[in-house]
Every structure is written in C-alpha cells, then in structure tokens.
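Lettering follows sequence order; numbering is per chain, from 1.
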Protein chains: 2
Amino acid sequence: MQDTCTVYQTVKYLTKKWTLLIILELYKGQGYTRRFSELRNALDGITPKVLSERLRELEDEGIVCRNVDATAFPVRTEYTLTESGLEIVSVIRGIKHWALKWKIDNIPCGEQDCKVCVL
Amino acid sequence: MQDTCTVYQTVKYLTKKWTLLIILELYKGQGYTRRFSELRNALDGITPKVLSERLRELEDEGIVCRNVDATAFPVRTEYTLTESGLEIVSVIRGIKHWALKWKIDNIPCGEQDCKVCVL
DNA sequence: GTAAACCGTGCAGGTGTCCTGCATGGTATG
DNA sequence: CATACCATGCAGGACACCTGCACGGTTTAC
C-alpha cells in the first residue's frame with residue numbers, strides 16, 4: 001500500500017519541505033500569476049534549487065501550471081494553481097479544521113503568522 | 001512552520017508506515033473494540049514493536065482510545081477510535097476524493113483491495 | 001563582447017528519520 | 001513453571017531529504 005496508493009502518496013507528498021507553502025503562496029496570489037523570483041522572495045530562506053524541484057513536482061502532479069513567455073526579456077516564467085490545485089487547498093483546509101477542533105489548545109500552530117493557519 | 005505547525009504535523013504523521021492502515025482497521029471495526037493481537041493479525045506483516053509504537057502515538061494524538069482490562073486473564077487491551085479519530089477518517093476520505101477526481105486514470109491505487117481506497 | 005537580469009540545474013555531502021529483526025520482560029492463571 | 005497476552009529495547013542499516021555552492025543558458029542593452 002505504501003508505495004502504490006495514490007492517497008498515501010498525496011499525503012506523503014504534502015509533507016515535503018516547502019510544498020505546502022508554495023501551494024499556499026500561489027493560492028494567495030490566486031487570479032494573477034507568480035514568477036519564479038517572486039516566489040523565491042516570498043518564501044524566505046528557500047533556495048532556487050529546492051523551489052525549482054518543488055515546482056517541477058507540483059507540475060507533474062498537475063497541481064501547478066507553468067507558463068513560459070519566451071518572447072519577453074528576460075524570459076518570464078509564470079506559475080498558477082490549476083483547478084486541481086485550487087481544490088487541494090480545500091483538502092488542506094479540512095485538515096486544518098480537524099486540527100483546530102481537536103487539538104487541545106485550539107491553536108494549530110505555535111508560530112506567528114503561520115501561512116497554513118492563516119488559510 | 002515545519003516543526004511547530006499542527007496542520008503540518010498531522011499530515012506528516014499520517015505518512016508514517018502503518019498509521020493509516022491502523023486507523024482504517026479500527027474504523028472498519030467501529031462499534032466494537034479491537035485487541036492488540038487482533039490488530040496484529042489483521043495487519044499482515046506488522047511487527048509488535050511498530051504496532052505498539054503507532055498505537056502509543058495515536059493515543060497521544062487523541063485519535064485512539066486505549067482500554068486495559070486488568071481483571072481479565074490474560075490482560076485484555078482494547079483499542080477504539082475516539083470521536084476525533086472518527087472525524088479524521090472524513091479528512092482522509094477528502095484526500096481520496098481529490099485523488100479520485102484528479103488523478104488521470106481515476107484509479108487511486110494500483111494495489112488490489114487497498115484498504116485506503118476501499119474506504 | 002561583455003555585463004546584467006532571469007531562470008534554473010548538478011554535484012557532493014551530511015543529517016536524521018524511519019524501519020527491520022531479534023531478544024527480552026512483565027503479569028497472572030492453571 | 002509453562003503459557004498467553006501485551007508489549008518494549010537495542011543495534012544496525014537504508015533511504016529520503018535538505019543544504020550549500022557553483023555553474024549554465026538565454027536575450028537584450030551598453
């Protein structure tokens with residue numbers, strides 16, 4: 001089950017570092033596209049390598065759509081959430097509601113301004 | 001965010017080996033309790049060490065309730081899903097629906113009789 | 001032609017989590 | 001004292017994941 005089950009893989013996938021934050025960053029910017037450098041600036045501490053990796057993976061998963069405008073200078077690469085990506089936010093929200101309801105102190109996150117909890 | 005956010009921790013937690021399967025096994029047996037040895041038999045291949053670990057963790061998370069009947073011989077230890085545990089199944093179901101809807105072949109799992117997908 | 005702006009990728013290395021397998025222990029009855 | 005049940009401890013290894021740094025490719029402007 002561990003290796004083949006898509007449900008399991010989806011959950012597992014979300015736990016990779018930065019994945020959730022990238023999705024939520026794109027969600028925040030819903031409606032307008034986000035460029036690679038914008039994302040890099042928004043996600044404090046992420047290295048281009050990891051950002052690149054995650055975006056590829058998200059694209060493979062069909063969660064993120066990548067658009068390259070080669071006519072522009074310099075090349076503009078823009079990212080958006082796909083429809084599937086928008087819907088996975090609801091799933092994440094479901095998890096958050098569960099945590100809010102059942103975690104003793106009703107504080108899902110100890111961190112100030114946690115992007116997930118602001119969701 | 002990675003370490004302190006409860007939402008993140010919840011997701012991360014579910015990806016541990018056997019965790020999902022244990023929850024679903026208890027869910028299947030909803031209404032009646034399950035003993036340690038029953039779970040061990042139901043989960044093919046699990047070692048007592050891991051089962052024990054997971055059950056402890058699930059108890060700490062408030063997902064599973066443990067009841068020890070010390071008057072019985074030998075000691076009967078019984079496990080049930082808590083209310084919170086029952087509700088997390090809905091969350092898992094949400095993930096499954098997402099996967100069903102968006103994964104190309106509409107088959108969430110390649111494995112026959114995957115416990116998660118039967119959900 | 002060379003610098004600048006943007007978008008990445010490759011490699012080396014380290015860390016830490018997680019799993020396996022096996023042995024062990026504790027308790028209470030018959 | 002053997003048996004049934006419920007676990008736990010330790011050693012060892014595998015693997016995924018992250019970090020840091022350097023490099024590369026493209027097109028315009030000067």
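One atom, CG of A:L51, and another, C1' of C:dG8, lie 9 Å apart when rounded to the nearest Å. The CG-C1' distance, from B:L43 to C:dC19, rounds to 16 Å in whole Å. B:R40 has its CZ atom 9 Å from the C1' atom of D:dA7, to the nearest Å. What separates NZ of B:K16 from C1' of C:dC19 is a distance of 11 Å, to the nearest Å. Rounding to whole angstrom units, CD of residue A:E38 and P of C:dC6 are separated by 11 Å. Per the geometry, CG belonging to A:L20 stands 14 Å off P belonging to D:dC17, to the nearest Å. Atoms CD1 (B:I22) and P (C:dC19) sit 11 Å apart, rounded to a whole Å. In this structure, B:D69 atom CG and C:dA28 atom P are separated by 13 Å, rounded to whole Å.
Residues B:Y13 and B:L58 meet the side-chain proximity criterion, which asks for heavy atoms closer than 4.5 Å. In this structure the side chain of A:K101 never reaches within 4.5 angstrom of the side chain of A:H97, judged on heavy atoms. Proximity of B:F36 to B:L55: side-chain heavy atoms (C-beta onward) are separated by under 4.5 Å at one or more points. Counting only heavy atoms from C-beta outward, the side chains of B:L26 and B:T80 never approach each other to under 4.5 Å.
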Output one line per pair: protein atom, nucleotide atom from nucleotides 1-5 of chain D, and distance, for all N/O pairs under 3.5 Å.
residue	atom	partner	partner atom	Å
D:dC5	O3'	B:R35	NH2	3.4

Scan nucleotides 10-14 of chain D against the protein and return all N/O pairs shorter than 3.5 Å with their distances rounded to 0.1 Å.
residue	atom	partner	partner atom	Å
D:dC10	N4	B:K49	NZ	3.1

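B:V64 and B:V75 fall into different hydrophobic clusters, where Ile, Leu, Val, Met, Phe, Trp and Tyr side chains are chained together by heavy-atom contacts under 4.5 Å.
As judged by a 4.0 angstrom heavy-atom cut-off over every strand, A:R66 is placed among residues touching the sugar-phosphate backbone only.
Residues passing the salt bridge (Lys or Arg N to Asp or Glu O under 4.0 Å) test with B:E53 are B:K49, sequence neighbours excluded. The side-chain contact (heavy atoms from CB on, under 4.5 Å) search around B:V91 returns A:I95, A:W98, B:I88, not counting sequence neighbours.
Between the SG atom of B:C65 and the CD atom of B:E83 there is a distance of 12.0 Å, given to the nearest 0.5 Å.
The two residues B:L14 and B:T19 come nearest to each other via the heavy atoms O-CB, 4.1 Å. A:T15 and B:K12 make their closest contact through CG2-CA, 3.4 Å (heavy atoms, listed as atom of the first residue, atom of the second, distance).
Listed by residue number, B:R54 are the residues of residues 54-61 of chain B with a heavy-atom contact under 4.0 Å to DNA chain C.
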Report, one line per pair, each donor and acceptor closer than 3.5 Å where one atom sits in a side chain of residues 38-45 of chain A; sequence neighbours left out.
residue	atom	partner	partner atom	Å
A:E38	OE1	A:R35	N	2.8
A:N41	ND2	A:S37	O	3.2

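For C:dG8, the OP1/OP2 oxygens have a side-chain nitrogen or oxygen of A:Y79 closer than 4.0 Å.
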